[in-house]
Amino acid sequence: MHNDAGHVLARLMSRAGVRNVYGVAGGALGPLLRALGEQPDLHYIGTRHEAAGALMATAAYQATGVPAVCVAEQGPGTHNLMAGLGSARANNLALIAITVSGHSADSSLERGALMQLDAVAALRPLTKWNTQVRDVHRLREAFRAALRHALTGTPGPVHLDIPRDVMATVVDVPGDEPTLTTDAFQRPLPTIADPGAVGDAAALLAQARRPLLIAGGGAAGADIPFRRLVARLGAAATTTQMGTGVVASDDPAFIGHGGVVGGPAVLRAMREADVVLAVGCRFSSWLWQEGEPVVRGEPEQRLIQVDVEPSIIGRARPVSVGLVGDAAAVLDQLGDALDGLDQASERADWLASLTQEYRAHLAEFDKLADDNARVMHPAALGKALGELVPPQSLVVYDGGHTTFWSNSLTPVTGSRTRFHEAGMAQLGFGLPYANALAHLHPDRPVVHITGDGSIGFTLQELDTARRYGLRALHVVHNNEAWGVIRASQEHSGFEFGTRLEGTDYAAIARGFGCHGERVESFGELAPAFARALASPLPALLDVRVRFEPHPMFGAFGAATRRPVR
């Protein structure tokens, strides 16, 4: 049995329940790559760029709640991880990054060694925790610490850097490693909140006349207890982009999702609610107007905030009650605490007015989608895709403005089925995300809706999709421009550097060995979608659309606009 550090790492991953590893092959990674090939329960996918490997690992955690690993060679390989790690960090998603640095004897940057980089310093701002393992005998301890940091409290990416000589060092340990147990790496059990605080929160909810429940990314997976509480309270319900699906889009209490781009009813509910229950929600700028959260908190509103990380509670707005604990467990506690409490009865009219406003907002999209101009309106494409996507699909929303149409017009029934990049808003994340989802769920349709600018960042990962048979369908809103940037420039009376015309993305997809079609008119869309979905290959539809501002574009612009004092 091989007992170099690479093989020890592979066995650590296996014992910890990690199953998926993504990255680019590199010479100094040799011992680890060999070990991955010999470990039958570990699945490796070789990407064409290290950032794509980190993004695939990020997607794996968001979709499953189980961390994956991304790997990178020393120097430029480590540099390339930064985009993916930044996305994971900004969205509070766990992964384990493993990099290899130069030989320990060449650790001084002044020596001029090839590909020399202080990897720990370089990646520290983009990770929740990181360290360099200089002694192979500390590898188990370091791996255990990495998983604990990744999964305790707010999840996040962690990083282990291993010098190439340490990676190749042979360890004298028993082959079965009896001291290594899965229990050492498991995530802590769900935590419940303080019962007294739960009672205080339940009392506020019981007497609320205009209750609003907001599900953030931390509530993903807690769909059933969240919906049960919504129904019990007769409350209005919305979700952030990262919490999309915790409330189904056909729920009678649903008033839109995705923050301010979800529609005017979301904005009004945040302003008018007398009690707000926010679960796993940090009140990011998607919930802002004029540079601050629309929800005001104390003393104007009663705000109950639930989060597994204590430091999040009260950070954005002053709270009435803070509940530290696991989302599902605390929601169950609240449900139990409401038993026997008299509840306010004057709620139905407020909720009805919000749902009526939301339906009027959807009717506006229907009018936009009826546009018969030669070049397709994005609302027409968005609405059609919402009808064409199979119900059991996993859908990734990429692109700047493109995501707004997808968010508004694609139905959703459950969490961890719709994927935004809300924290960093990194363009190009969608193709690696879709590849990861197709890898994890080969039995489910995966649809990636993106823009022509966005897909250019990671287009090479179509090659990864073809080599590994990752059958996602990529639909490109092609308006031949950096649309939002061009609109902003034209508003200021100029245009510079925003043109993207002349590229045939379908031909590029075919060049990578994928199925590719151009769609020039609305009538061509449904047949092309059916062919692409049925293809045994990864598929791409290059759909010609024009740029039109989304109805909530102004509200989005106002989110980070600072008022003149």
Side-chain angles (χ1 to χ4, degrees), residues 4-7 9-10 13 18-39 42-61 67-88 95-103 113-120 122-123 126-127 130 132 157-164 166-168 426 428-440 455-470 472 512-514 538:
D4 56 42
H7 285 77
L9 264 175
M13 293 178 201
V18 172
R19 293 293 175 263
N20 299 296
V21 184
Y22 309 104
V24 177
L29 285 168
L32 177 56
L33 295 173
R34 179 175 181 174
L36 294 176
E38 296 170 356
Q39 192 78 33
L42 298 180
H43 310 290
Y44 172 78
I45 286 185
T47 62
R48 293 300 301 268
H49 194 283
E50 287 84 359
L55 288 166
M56 290 185 76
T58 304
Y61 180 78
V69 169
C70 61
V71 298
E73 177 67 286
Q74 68 190 75
T78 299
H79 274 155
N80 287 346
L81 281 180
M82 291 183 177
L85 292 180
S87 178
L95 63 78
I96 306 157
I98 297 175
T99 62
V100 180
S101 57
H103 195 287
L114 183 68
M115 302 167 70
Q116 192 65 46
L117 173 71
D118 185 343
V120 174
L123 300 186
L126 304 174
T127 53
N130 73 340
Q132 185 178 70
V158 295
H159 167 226
L160 295 177
D161 181 64
I162 305 170
R164 64 184 305 158
V166 176
M167 179 66 81
Q426 178 168 273
F429 87 99
L431 209 165
Y433 250 64
N435 280 350
L437 296 172
H439 172 223
L440 295 164
I455 202 166
F457 286 101
T458 50
L459 192 57
Q460 75 281 351
E461 297 306 321
L462 288 174
D463 176 73
T464 304
R466 188 262 309 161
R467 284 184 291 115
Y468 289 92
L470 308 175
F512 278 121
C514 302

Can you check whether V120's main-chain N or O pairs, donor with acceptor, with N130's side chain at less than 3.5 Å? yes

Quick one: list whatever passes salt bridge (charged side-chain N to carboxylate O under 4.0 Å, His left out) with R164, sequence neighbours left out. none

Is the side chain of T458 donor-acceptor paired with the backbone N or O of G428 at a distance under 3.5 Å, no angle test? yes

Could you pull out the closest heavy-atom pair between V18 and P67, with the gap in Å? CG2-O, 3.8 Å

What's the separation between atom CG in L470 and atom OG1 in T464, rounded to the nearest 0.5 Å? 8.0 Å

Do Q39 and H7 make a side-chain contact, defined as non-hydrogen atoms from C-beta onward lying under 4.5 Å apart? no

Quick check: closest heavy atoms across A60 and A68, and the distance to 0.1 Å? CB-CB, 3.9 Å

Ignoring hydrogens and angles, write down the donor-acceptor pairs under 3.5 Å from the side chains of residues 75-85, residues two or more places apart or on other chains.
{"unit_1": "T78", "atom_1": "OG1", "unit_2": "E73", "atom_2": "O", "d": "3.0"}
{"unit_1": "N80", "atom_1": "ND2", "unit_2": "E50", "atom_2": "OE1", "d": "2.9"}
{"unit_1": "N80", "atom_1": "ND2", "unit_2": "P76", "atom_2": "O", "d": "3.4"}

With sequence neighbours excluded, residues passing side chain to side chain contact (heavy atoms under 4.5 Å, CB included) with S101: Q132, D161, P163

Grab the two heavy atoms, one from F512 and one from Q460, that are nearest each other, plus how far apart they are. CZ-CA, 3.8 Å

Listed partners of T127 passing side-chain hydrogen bond (donor to acceptor under 3.5 Å, both in side chains), at least two apart: none

Extract all donor-acceptor atom pairs below 3.5 Å that involve side chains of residues 429-436 and protein atoms in other chains or at least two apart in sequence.
{"unit_1": "Y433", "atom_1": "OH", "unit_2": "Q62", "atom_2": "OE1", "d": "2.8"}
{"unit_1": "N435", "atom_1": "ND2", "unit_2": "E461", "atom_2": "O", "d": "3.1"}

Test your reading of the model: is there a side-chain donor-acceptor pair from Y468 to the backbone of T47, 3.5 Å cut-off? no

Validation row: P157, L126 side chains within 4.5 angstrom (heavy atoms): no

Show every side chain to side chain donor-acceptor pair (under 3.5 Å) that has at least one partner inside residues 51-60, sequence neighbours left out. none

Verdict with supporting geometry, L36 and M13, side-chain contact (heavy atoms from CB on, under 4.5 Å): CA-CA 10 Å; L36 294 176; M13 293 178 201; 4.3 Å; yes

When rounded to the nearest 0.5 angstrom, what is the spacing between CD1 in I96 and NE2 in H159? 12.0 Å

Test side chain to side chain contact (heavy atoms under 4.5 Å, CB included) applied to R48 and D463, V24, L459, the passing residue: D463

Find out whether M167 and L32 are in side-chain contact, i.e. whether some heavy atom of one side chain is under 4.5 Å from a heavy atom of the other. yes

Do you know which two heavy atoms are closest between G513 and R466, and how far apart they sit? O-CG, 3.6 Å

For residues Q426 and L55, determine if any side-chain heavy atom of one lies less than 4.5 Å from a side-chain heavy atom of the other. yes

